[in-house]
Every structure is written in C-alpha cells, then in structure tokens.
Amino acid sequence: MRIVLVGPPGAGKGTQAQFIASHLSIPKISTGDIFRANVSEGTELGRKAKEYMDRGDLVPDEVTIAMVRDRLGEPDARDGFLLDGFPRNVPQAETLKKMLAEWDTRIDVVLDLVVDEEEVVRRLSGRRMCDSCGEISHVDFDDKHDDVCDECGGHLFQRDDDKEEVIRHRLEVYRRETAPLVQFYGDEGVLVEIEATGSVEEVTRRALGALAPLEK
Ligand code: AP5
C-alpha cells in the first residue's frame with residue numbers, strides 16, 4: 001500500500017507512522033527524519049536544510065524532491081511505503097503524482113490527522129526524541145522524569161524547532177502551504193480524515209480501521 005500522512009506539526013504523524021508502517025510491513029519515509037539525520041552527520045544536504053528547519057520554513061522543493069525521488073527508488077519501497085512529511089505543498093504533491101505515474105503506480109490513501117492548534121502547541125513543547133533510535137515521547141503524557149530513552153537507553157533531546165515561537169511559525173507555514181493538500185487529495189478521491197485527539201492507541205485504532213478495507 002502507498003500511504004501519505006498529512007496534518008499539522010505535532011498532529012502525531014511520526015508517532016502513528018511507526019505503528020502503521022510496522023503493521024503493514026512497509027518502510028516509513030519521513031523527510032523530517034532524513035533531514036535531521038543529515039544535519040547531525042554534517043552532510044551537504046544537512047547544511048542546506050538546517051537554516052530552513054531552524055526557522056520553521058520549508059526546505060526548497062528542488063532539494064526535497066530530489067531526496068524523495070532517490071529514497072522511493074530504493075528496493076524496499078517498490079511494493080509500498082508510508083510517507084510522513086511529504087508532500088508538504090501542492091507542487092510537491094503534483095511532482096509525486098507524476099513520479100509515481102512514471103512507475104505505473106499511485107498513492108492509494110492519504111490519512112489527514114485532524115487536531116486543534118492549542119493541542120499541537122502542548123504536544124510539541126513537551127516532545128522529546130531519542131538521538132539513538134528516534135523514539136518519540138512526551139514529558140507529560142509518557143511521564144518522563146529523566147532524559148533516557150525507554151526503548152534503547154539513548155539520550156532524549158528537544159528539537160531546535162520545538163520552541164514556542166518556532167512552533168507558531170510552523171503552524172502558519174502549515175496553514176498557507178500544506179493545508180491546501182486536503183483539497184488536492186480530496187479531489188483525487190483518496191483523502192480520509194482521522195480524528196487525532198485521544199490516546200495514541202485510540203488514534204492508531206482509527207487509522208488502522210480506515211486502512212483495513214484497502215488491505216489485500
Ligand atoms: P517534520 O519532522 O516533518 O515536522 P512536522 O511536520 O512539523 O511534524 P512533527 O514531527 O513536528 O510532528 P508529528 O506530527 O510527527 O508529531 P509527533 O508524532 O512527533 O519536519 C521538520 C522540518 O523539516 C520542517 O519544518 C521543514 O523545515 C523540513 N521538512 C520536512 N519535510 C519537508 C518537505 N516535504 N518539504 C520541505 N521541508 C520539509 O508527536 C508530537 C508530540 O505529541 C510527541 O511528543 C508525541 O509523543 C505526542 N503525541 C503524539 N500523539 C499523541 C496523542 N494521541 N496524545 C498525546 N500526545 C501525543
């Protein structure tokens with residue numbers, strides 16, 4: 001299955017992507033994770049992306065699209081994938097559509113995680129990520145009192161773009177650039193809205209319930 005996850009920053013895309021991709025045995029492809037890995041490895045791509053990410057702006061399309069094209073061309077993505085964080089605007093969505101048509105395929109379903117902005121700010125300002133395995137947690141909801149990852153013992157850190165003023169800017173960018181994808185994928189007939197409030201487990205149940213009719 002070829003799936004896209006959309007929704008505002010902090011909607012829970014990364015959290016849900018882990019469970020959905022693992023349930024369907026498909027690779028999770030997160031453009032944010034790929035950019036962050038390149039930033040920490042100090043690559044040329046990371047150097048180009050960092051200034052945009054720190055401000056909460058989108059990395060330019062030509063950089064992002066070339067990176068996604070390379071990743072989707074890898075053998076593990078041939079029979080399905082879950083995209084988290086791409087596409088992020090209508091030009092990226094149009095390019096993805098053309099790219100997949102060249103390979104005689106298309107996006108099967110777009111899950112739109114719906115959550116209000118105050119909840120987003122609450123979620124992002126308490127988010128912690130593991131620098132070793134990438135596990136996502138939250139200081140309140142996961143009752144974290146130390147900076148050690150429960151999964152692997154790695155170090156938990158706060159993302160540079162999770163400061164409140166950057167979060168507010170990312171939300172503006174989402175409204176302007178990314179929200180129009182709801183209309184785009186609605187017109188394509190593949191959009192499914194998922195209520196993304198409630199516990200992580202409840203949201204996973206709703207998402208897997210929406211995907212069940214499409215599983216072969
Ligand atoms: P990216 O990493 O994609 O960030 P984002 O879209 O802003 O999304 P987030 O990762 O912040 O949130 P999420 O929805 O994944 O939420 P999460 O599951 O972590 O992109 C970062 C930057 O990279 C961009 O700003 C841009 O610069 C660049 N970039 C990336 N893709 C690009 C593209 N295509 N084009 C151009 N530039 C691009 O959850 C958040 C918190 O909430 C966590 O603490 C979690 O534990 C908690 N939580 C999750 N679900 C629940 C729940 N149900 N109840 C309570 N807490 C919950």
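Atoms within a ligand are numbered from 1 in the order they appear, just like the ligands themselves. Note: hydrogens, waters and symmetry copies are ignored here, and every other heavy atom, side chains too, is used.
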query = Is ligand 1 under 4.0 Å from a heavy atom in the side chain of Asp33, in the backbone, in both, or in neither?
reply = neither
Lys/Arg-Asp/Glu bridge criterion (N-O < 4.0 Å) met for Arg122, Glu117 = no
query = Does one side chain, of Thr105 or Arg2, offer a donor that lies under 3.5 Å from an acceptor on the other?
reply = yes
remark   = of all protein heavy atoms, closest to atom 7 (O) of ligand 1 is Arg170 NH2, 2.7 Å
query = If you count the atoms of ligand 1 from 1 in the order shown, which ones are under 4.0 Å from a heavy atom of Thr64?
reply = 33 (C), 34 (N), 35 (N), 36 (C)
request  = To the nearest 0.5 angstrom, please state how far the CG atom of Leu156 sits from the OG atom of Ser132.
outcome  = 10.5 Å
inquiry  = If you take the nearest heavy atom of each of Phe35, Phe141, Phe86, Tyr174, which one is closest to atom 29 (N) of ligand 1?
reply    = Phe35
task = Give the residue, atom name and distance (to 0.1 Å) of the protein heavy atom nearest atom 4 (O) of ligand 1.
result = Arg159 NH2, 3.3 Å
key: Atoms of ligand 1, numbered as shown, that sit under 4.0 Å from any heavy atom of Val200   = 50 (N), 51 (C), 52 (C), 53 (N)
request  = Starting from atom 12 (O) of ligand 1, find the nearest protein heavy-atom neighbour and note its residue, name and distance.
outcome  = Gly10 N, 2.9 Å
ask   = What's the shortest distance from atom 19 (O) of ligand 1 to any protein heavy atom, and which residue and atom give it?
value = Arg127 NH1, 2.6 Å
task = For Gly14, counting its heavy atoms only, list the atoms of ligand 1 lying under 4.0 Å from any of them.
result = 13 (P), 15 (O), 18 (O)
request  = Note the single closest protein heavy atom to atom 3 (O) of ligand 1, along with its residue, its atom name and the distance in Å.
outcome  = Arg88 NH1, 3.2 Å
query = At a 4.0 Å threshold, what atoms of ligand 1 neighbour a non-hydrogen atom of Gly85?
reply = 31 (N), 32 (C), 33 (C), 34 (N)
message = Would Gly198 count as a contact residue for ligand 1, given that I'm defining contact as a non-hydrogen atom of the residue lying under 4.0 Å from a ligand atom?
response = yes
note = atom 22 (C) of ligand 1 sits nearest the protein heavy atom Met53 CE, 3.9 Å
message = With a 4.0 Å cut-off on N to O distance, would you call Glu118 and Arg123 a salt bridge?
response = no
request  = Only heavy atoms count here, so choose which of Arg123, Met67, Glu119, Gln18 is nearest to atom 48 (N) of ligand 1.
outcome  = Arg123
note = Candidates Asp61, Val59, Val63; heavy atom nearest atom 36 (C) of ligand 1 found on Val59
request  = Answer yes when Glu94 and Lys97 have at least one side-chain N-carboxylate O distance shorter than 4.0 Å, and no when they do not.
outcome  = no
ask   = Hey, are Asp57 and His169 close enough side-chain-wise for a donor-acceptor pair under 3.5 Å?
value = yes
request  = Take every heavy atom of Gly126, measure it against each atom of ligand 1, and state whether any distance is under 4.0 Å.
outcome  = no
task = Report the distance from atom OG of Ser30 to atom CZ of Arg36, rounding to the nearest 0.5 Å.
result = 5.5 Å
inquiry  = Does atom CZ (Arg78) have a neighbourhood of more than 12 heavy atoms from anything else shown, all under 6.0 Å?
reply    = no
message = Under a 4.0 angstrom heavy-atom cut-off, which atoms of ligand 1 come close to His138?
response = 44 (O), 46 (O)
Any donor-acceptor N or O pair under 3.5 Å, side chains Glu195, Thr197 = yes
key: Numbered atoms and elements of ligand 1 in range of Gln92, under 4.0 angstrom, heavy atoms   = 33 (C), 34 (N), 35 (N), 36 (C)
request  = Could you tell me whether ligand 1 has any atom less than 4.0 Å away from a heavy atom of Glu202?
outcome  = no
message = Looking at Glu165 and Arg168, is any side-chain nitrogen of the basic one under 4.0 Å from a carboxylate oxygen of the acidic one?
response = no
remark   = The atoms of ligand 1 lying under 4.0 Å from a heavy atom of Ser199, numbered in the order shown, are 53 (N)
query = Does Ser137 approach ligand 1 within less than 4.0 angstrom via side chain, backbone, both or neither, non-hydrogen atoms only?
reply = backbone
key: Reported CG-to-CD1 distance for the pair Leu208 and Ile20, which is rounded to 0.5 angstrom   = 6.0 Å
task = Identify the protein heavy atom lying closest to atom 27 (O) of ligand 1, giving its residue, its atom name and the separation to 0.1 Å.
result = Asp57 O, 2.6 Å
Any Gln16 heavy atom less than 4.0 Å from ligand 1 = no
ask   = Ion pair present between Asp162 and Arg170, side-chain N to carboxylate O less than 4.0 angstrom?
value = yes
key: atom 16 (O) of ligand 1 [closest protein heavy-atom partner, distance rounded to 0.1 Å]   = Gly12 N, 3.3 Å
message = Nearest 0.5 angstrom please: Glu177 CD to Leu58 CG, how far?
response = 5.0 Å
ask   = Can you tell me how far the CZ atom of Arg128 sits from the NE2 atom of His138, to the nearest 0.5 Å?
value = 8.0 Å
key: The one among Thr15, Ile136, Thr31 that brings a heavy atom closest to atom 18 (O) of ligand 1   = Thr15
ask   = Without hydrogens or angle criteria, can the side chains of Thr43 and Asn38 be said to hold a donor-acceptor pair below 3.5 Å?
value = yes
inquiry  = If the contact criterion is a heavy-atom separation under 4.0 Å, does Gly7 count as touching ligand 1?
reply    = no
key: Arg36 neighbourhood, listing ligand 1 atoms whose heavy-atom distance to it stays under 4.0 Å   = 2 (O), 21 (C)
message = Side chain or backbone, does Leu58 bring an N or O within less than 3.5 Å of an N or O on ligand 1?
response = no
message = Check for me whether Arg55 meets the cation-pi criterion with Tyr52, that is, NZ or CZ under 6.0 Å from the six-membered ring centre and within 45 degrees of the ring axis.
response = yes
